[in-house]
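Worksheet for the structure shown next.
Because the structure is a prediction, the values reported are computed rather than measured. Chain letters run A, B, ... following the sequence lines, proteins first, then strands; residues in each count from 1.
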There are 2 protein chains.
Amino acid sequence: MTGAEASLPAPPRIDRRRAPETAAKILDAAESLFSLRGFYGVSLRDIAGAAKVQVALTHYHFGSKEALFRAVVDRRADEHVRCLAEALDQALTVQGSRTERRKAIIRAFILPIVERTMRGGPGWKHYIRLMAQIANAPQQEDYTVPFGQHFDDLVQSYIAALKDLHPDMEEGKVYWCFFFYQAMITHILAESGMLDRQSGGRFHSSDLDAMVEQMVDFVSGGFLGLGAGPD
Amino acid sequence: MTGAEASLPAPPRIDRRRAPETAAKILDAAESLFSLRGFYGVSLRDIAGAAKVQVALTHYHFGSKEALFRAVVDRRADEHVRCLAEALDQALTVQGSRTERRKAIIRAFILPIVERTMRGGPGWKHYIRLMAQIANAPQQEDYTVPFGQHFDDLVQSYIAALKDLHPDMEEGKVYWCFFFYQAMITHILAESGMLDRQSGGRFHSSDLDAMVEQMVDFVSGGFLGLGAGPD
DNA sequence: GTCTATAATGGGATAGAC
DNA sequence: GTCTATCCCATTATAGAC
């Protein structure tokens, strides 16, 4: 494959540093593979192979497998969190009935994620799937730590907004509602294909646009089921 | 426990096979470890170490790592599925308003699982967590196959019951509701600790008894949000 | 600073002892 | 039929070439 490397006149240091993008290629490959098979299901060889670089370059650029995993999360985390925070801010300006305002907050949590999954390019799609997988990991595996740091305080502001909107609800029930909502999102974004199988192919969990409004209505109804008062 | 087997006059092939329980010990250890770290996150050495048997015995008794994983699932799958089927049958005998009947079906899906998790002993707890982890695995990883086989047709009967109860709902919306419900359950049973962190320890996702009724009310409300008609 | 060659360990699986 | 000693390869990590 590397045939004809016979005559090499004098290429001094012509393309020294031909790897400004090596680290990015490794990150892209790691993001994609980790999101599909999890931290343990992917080896550095798999990642290096997909990125078409030497195995040990993963080590050179990131230090260890766990550090690489963290780097994958960190690359997009700031934008991810900031974007959700902005969506919440905007939702809080919505006027209307309590149901309308509740749905606005609910939608503000799922829509930025779905938007990035569907229209942010493959990298974002993989990143979101990876987030879902981290959130699903039982207990506090070492590698899941970065996710909690970036995310949990943002969730607090969503819950606070929903508490303000429902002073009549028991505080605990607001927590349960949002917890159930997050659980739905987490599972769905992991793209397990469950709906696809069980509906015999008639509906697809990857039809995220169609899903968002169903989900908003379902969760809003769930709040009513747990005691949210009338408009 | 089986102490005092001293005087055995003529034990021809008496304790040949002193390992009737070796396989069970391996299964128990595998069940526990797989449920915590997934298929890839556990090595046969880990399992053998936890079971206090030689590494290669896992191979002797089960043939391969993947076959062992299947064996773990298969051991309890029949009882698991049968128990859910019975719960559905019983729920369908409930009389009352449509909301009451809907909640009965919803409860019949989560309650048998929670019962086994909480009061079926550690083995069941680990098994349920393992089921959740399989359901969360993206796409069709090889090792996830057994789960789908055992489970999907059972889900069909739940969906059919809910369709019967809601002839006024669009068929697709019933699918979405049940899909959302399953997603919630799946994530929660994986025990991610998300609620525990985000509520500052005030509520625990491991308080399953407290959770069941919240969940039933939430999901029932979700059906209303997606167009289920009045009682 | 960037990459290649190589080490040291842990992985699943097997051949043969009892 | 049950278990032990061993194999070969994949894995992460490092030491040193450019």
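- In this structure, A:Phe180 has its ring center at least 6.0 angstrom away from the ring center of B:Phe180.
- Ring centers of A:Phe62 and A:Phe69: at least 6.0 Å apart, outside the cut-off.
- Spacing between atom CG of B:Leu44 and atom C1' of D:dA10 amounts to 14 Å, rounded to whole angstrom units.
- Taking a 6.0 Å sphere around NZ of B:Lys173, one finds it holds more than 12 heavy atoms contributed by other residues, nucleotides or ligands.
- Along DNA chain D, the nucleotide nearest to A:Asp46 and the one nearest to A:Tyr60 differ in position, and the one closer to the 5' end is contacted by A:Asp46.
- Across the protein-nucleic acid pair, B:Ile47 atom CD1 and C:dG12 atom P stand 8 Å apart, rounded to whole Å.
- Note: CD1 (A:Ile26) to P (C:dT2) measures 12 Å, nearest angstrom.
- Taking the side chain of B:Ser43 as heavy atoms from C-beta on, and the options C:dG11, C:dA13, D:dA13, the nearest nucleotide is C:dG11.
- Of the listed nucleotides (C:dG11, D:dT14, C:dT14), C:dT14 has the atom at the smallest distance from the side chain of B:His59.
- Rounding to whole angstrom units, NE2 of residue B:His61 and P of D:dT4 are separated by 10 Å.
- One atom, CD of B:Gln54, and another, C1' of C:dA17, lie 13 Å apart when rounded to the nearest Å.
- With distances taken from any side-chain atom of A:Arg45 to the nucleotides D:dT11, C:dA13, D:dA13, the minimum falls on D:dT11.
- Base engagement by B:Leu57 is indicated by at least one non-hydrogen atom pair under 4.0 Å involving a base atom.
- Residue A:Thr58 is out of contact with every strand shown, counting any heavy-atom pair closer than 4.0 Å.
- At whole-Å resolution of the value, NZ in A:Lys52 and P in C:dT4 are 16 Å apart.
- In this structure, B:Lys65 atom NZ and D:dA10 atom P are separated by 15 Å, rounded to whole Å.
- A:Tyr40 has its OH atom 16 Å from the P atom of D:dT11, to the nearest Å.
- Other residues, nucleotides and ligands contribute only 12 or fewer heavy atoms inside 6.0 Å of the CD atom of B:Gln90.
- Side-chain atoms of B:Thr22 lie closest to D:dC3 of the nucleotides C:dG12, D:dA13, D:dC3.
- For the residue pair B:His187 / A:Asn136, a side-chain donor-acceptor distance below 3.5 Å is found, with atom types taken as modelled.
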